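Just so it is clear, the structure is predicted and the values come from calculations on it, not from any experiment. Throughout, a chain's letter reflects where its sequence line sits, starting with A, and its residues are numbered from 1.
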2 protein chains.
Amino acid sequence: MPTSTVENYLKAILVRSADAGAVVSTGSIAEALGVTPGTITTMVKSLAAQGLVEHQPREGVRLTPAGRAHALGVLRKHRLIETFLVQVLKMDWKEVHEEAEALEHAISDRVLLRIDAILGHPVSDPHGDPIPSPKRPLFDRGKGVTLATCEPQRPFRVQRILDQSGPFLEFIQRTGLKPGARVRVRERDRASGVVRCELGDAEAALGLPEAAKIEVGAA
Amino acid sequence: MPTSTVENYLKAILVRSADAGAVVSTGSIAEALGVTPGTITTMVKSLAAQGLVEHQPREGVRLTPAGRAHALGVLRKHRLIETFLVQVLKMDWKEVHEEAEALEHAISDRVLLRIDAILGHPVSDPHGDPIPSPKRPLFDRGKGVTLATCEPQRPFRVQRILDQSGPFLEFIQRTGLKPGARVRVRERDRASGVVRCELGDAEAALGLPEAAKIEVGAA
DNA sequence: ATTTTGTCTTTGACGAGTCAAAGACGGTAT
DNA sequence: ATACCGTCTTTGACTCGTCAAAGACAAAAT
C-alpha cells in the first residue's frame, strides 16, 4: 500500500493534469508540494518503478491508469471528508481543507463508506469541486464560465470556487459568494480590472483574476 | 510536534504504567509495539532527550509529567474517536479500535472539540474505558471487580471490557455481555475453571481468565 | 564462585524521504 | 555558432524508524 507521501504526489499530479493523459512538469509538482526539484526527480523515478507514472526525462510525468485510479481515490476521500467536516461536524468552511489534507491518508475505506452514506452520496464538496467516484470518473473540464467571462446583467448561480487559499475563502465567506448563491454581474470594466456584482441586495467588487476563480452556471 | 511513532510509544508506556510514576520495562514496550528490543532502547533514548520519559538503563522507563500529559491526550483522542465511530458513524463495535489507531494521529484538536461536543462530552468509550480529560485525569485503578471475582447470584452491570482483541470482542457481541448489560454469576467452578452466568433469560459460559476481563459494578 | 539464562544495550546497516550543490540539457539571444 | 539561462537530474549527505546480530549485565542455578 502506497505511503501518504506517494498519495500526495499522485494527487498533485492528478489535479495538475488537465486531461486524462496530460504530461505534467516536475517543476510544477515541486512547487505544489513545497519540495526541491531534486526530490521530485528521485521520487518520480520511484513512482515509475511502481508503475504509477510514466516519466520522460526532461519532458514530464504522466499518470498510468493505475496511478490515476489511486489518485482519484485520494481525491474522493479528500472531498468527502471536507463535506463531512462542514455538514456533520459543523466546521468552518475555510478550515476544512487542511484538516482533510491529513485525514485523507488515515481514513479507511470502511469509514469512508459510512461517511458517504450519511451524506447521501454527494456529488460535490463545499467548494463546489466534484467528488469523483467509480461511476462518476471526474468530468471536471467544465465549460468554465466564471464571473470574469459570464454574460453581464444575467443572473447566475455560483457553482465552484477554484482557489482553496485561506484569504480568498475568507473573502468569499464575507461576501456570501459561496456555491449556491445567486449572483449577477452588474459591470465589468476591462480598463480598471474591476468586476462589480450583485448578490440579493448587496454588492461586491473584485479584480478580474479573482473573478476568474468563481465558476458560475445557470441560475 | 511529536511524530505518530512517538505518540504510540508514549501511549504504550502510559497504559502499561499502573500508577502515575510507575516504571515500565523496555521489553514489555517492545512486545506491545511488535518491535525488536534494540529499537526500543534507541527510541527511549530519543524520548528521554526530548524530556518525555526518564530512563534508568536496565531498569525501566517512566513518563515525565510532559510525557504523561501528551500520552493522555492521545488516549483521549483514541477513545473519543472510537465512541464517535460507533455512535455517529454506526460502525461495528469490534472494528473501531484499529480505525482509531490510525485516526488518533491525524485528527486535530479542533476536530476533536467538535466530536466531543457532538457526543455530549462522554466519560467512557464503547468498551467502557474511561476517556481522560484535563479535568478528569484518569482515575482508572478501579477496585477491579470482574466476573471472576464478583459475588455470585447478585446482579451486576457490565462496566468495562479489558481486552480489545477481535475474537474476544466477537464473543462479547455474540453473548451480549457489552457494557451496560445486566448479568448475574450463577456458578463459578474453580476446579473446572468455568464461570456460568445469566443475562436476562439467556446464559453464557466462559473461562476464568476470560471472566477476569469483564469488569462489573453495582446493577 | 562460577556458569547459565534472560533481558537490555550497542553496533552497523537499511529504506524512505528529504536537501544543497553541482552538473547536464535544451531553448533563446546574440 | 556561441554564449547564456532556466529547468531538470545527479550526487552525496542527513534524519527517522527500523532490524539483526553481537555484546554487556544481573539475577538465579549449580
Side-chain angles (χ1 to χ4, degrees), chain A residues 1-14 16-18 22-63 66-67 70-71 74 101-102 104-106, chain B residues 1-14 16-18 22-63 66-67 70-71 74 98 101-106:
Chain A
M1 37 223 55
T3 66
S4 65
T5 307
V6 167
E7 293 188 337
N8 280 333
Y9 276 79
L10 293 178
K11 197 178 51 155
I13 297 170
L14 174 67
R16 269 157 199 80
S17 332
V23 165
V24 177
S25 77
T26 57
S28 73
I29 308 173
E31 198 198 3
L33 296 177
V35 118
T36 61
T39 303
I40 299 291
T41 303
T42 309
M43 195 63 191
V44 153
K45 278 199 285 198
S46 148
L47 294 178
Q50 293 168 67
L52 296 169
V53 304
E54 284 164 20
H55 182 208
Q56 271 76 44
R58 283 172 212 281
E59 278 287 310
V61 178
R62 191 204 332 270
L63 288 174
H70 199 93
V74 177
E101 208 60 44
E104 69 191 359
H105 308 297
Chain B
M1 39 220 59
T3 68
S4 67
T5 308
V6 166
E7 292 188 336
N8 279 334
Y9 276 79
L10 292 178
K11 196 178 53 154
I13 297 170
L14 175 66
R16 267 154 200 81
S17 331
V23 164
V24 178
S25 78
T26 58
S28 73
I29 308 173
E31 198 198 3
L33 296 176
V35 117
T36 60
T39 303
I40 300 292
T41 302
T42 308
M43 195 63 191
V44 153
K45 278 200 284 198
S46 146
L47 294 179
Q50 294 169 66
L52 296 169
V53 304
E54 286 165 19
H55 182 206
Q56 272 74 46
R58 284 171 211 282
E59 278 287 310
V61 178
R62 191 207 330 271
L63 288 174
H70 200 94
V74 177
E98 80 179 279
E101 208 61 45
L103 258 14
E104 68 191 359
H105 307 297

Fill in: Interatomic distance, B:Y9 OH vs D:dG17 P [rounded to whole Å]
8 Å
Item to complete: Over all heavy atoms of both residues, which pair between A:A71 and A:L63 is shortest? Give the atoms and the distance, please.
Response: CB-CD1, 4.4 Å
Practice prompt. Take atom CD1 of B:I29 and atom C1' of C:dC8, then tell me their distance rounded to the nearest Å.
Written response: 12 Å
Worksheet item: Quick one: CD1 on B:I40 to NZ on B:K45, what's the gap to the nearest 0.5 Å?
Response: 13.0 Å
Item to complete: With sequence neighbours excluded, tell me which residues meet side-chain contact (heavy atoms from CB on, under 4.5 Å) with B:R16.
Response: B:A12, B:V24, B:S28, B:A32
Worksheet item: Which residues satisfy the side-chain contact (heavy atoms from CB on, under 4.5 Å) test with B:E54, sequence neighbours excluded?
Response: B:R62, B:T64
Worksheet item: For A:E7, what residues pass the salt bridge (charged side-chain N to carboxylate O under 4.0 Å, His left out) criterion, not counting sequence neighbours?
Response: none
Worksheet item: In Å, rounded to the nearest 0.5 Å, how long is the span from CG of A:L47 to CD1 of A:I13?
Response: 6.0 Å
Response to the item:
Numerically ordered, the residues 46-54 of chain B set in heavy-atom contact under 4.0 Å with DNA chain D is none
Worksheet item: OP1 or OP2 of C:dA16 sitting under 4.0 Å from any side-chain N/O of A:T3?
Response: no
Worksheet entry | Set of side chain to side chain donor-acceptor pair (under 3.5 Å) partners for A:T42, sequence neighbours left out | none
Are there any protein N/O atoms within less than 3.5 Å of an N/O atom in nucleotides 19-21 of chain D, and if so, which ones and at what distance?
from	atom 1	to	atom 2	distance (Å)
D:dC19	OP2	B:T36	N	3.0
D:dC19	OP2	B:T36	OG1	3.2
D:dC19	OP2	B:T39	OG1	2.8

Worksheet, complete the sentence: Residues at least two apart in sequence or cross-chain that pass side chain to side chain donor-acceptor pair (under 3.5 Å) with A:T36, listed by chain then number, are A:T39
Worksheet item: Taking only residues two or more places apart in sequence, or in another chain, which ones meet A:T5 in a side chain to side chain donor-acceptor pair (under 3.5 Å)?
Response: none
Worksheet entry | Qualifying residues under side-chain contact (heavy atoms from CB on, under 4.5 Å), relative to A:S46, sequence neighbours excluded | A:Q50
Using the 3.5 Å cut-off, write out each protein N or O paired with an N or O of nucleotides 6-8 of chain D and the distance between them.
from	atom 1	to	atom 2	distance (Å)
D:dC8	OP2	A:G27	N	3.3
D:dC8	O3'	A:R58	N	3.4
D:dC8	O2	A:R58	NH1	3.2

Worksheet, complete the sentence: From CD1 of A:I40 across to C1' of C:dG17 the rounded distance in Å is 11 Å
Discussion item. Rounded to whole Å, please give me the gap between NZ in A:K45 and P in D:dT9.
Written reply: 8 Å
Worksheet entry | Residue list, side-chain contact (heavy atoms from CB on, under 4.5 Å) with B:A106, at least two apart or on another chain | A:L103, A:A106
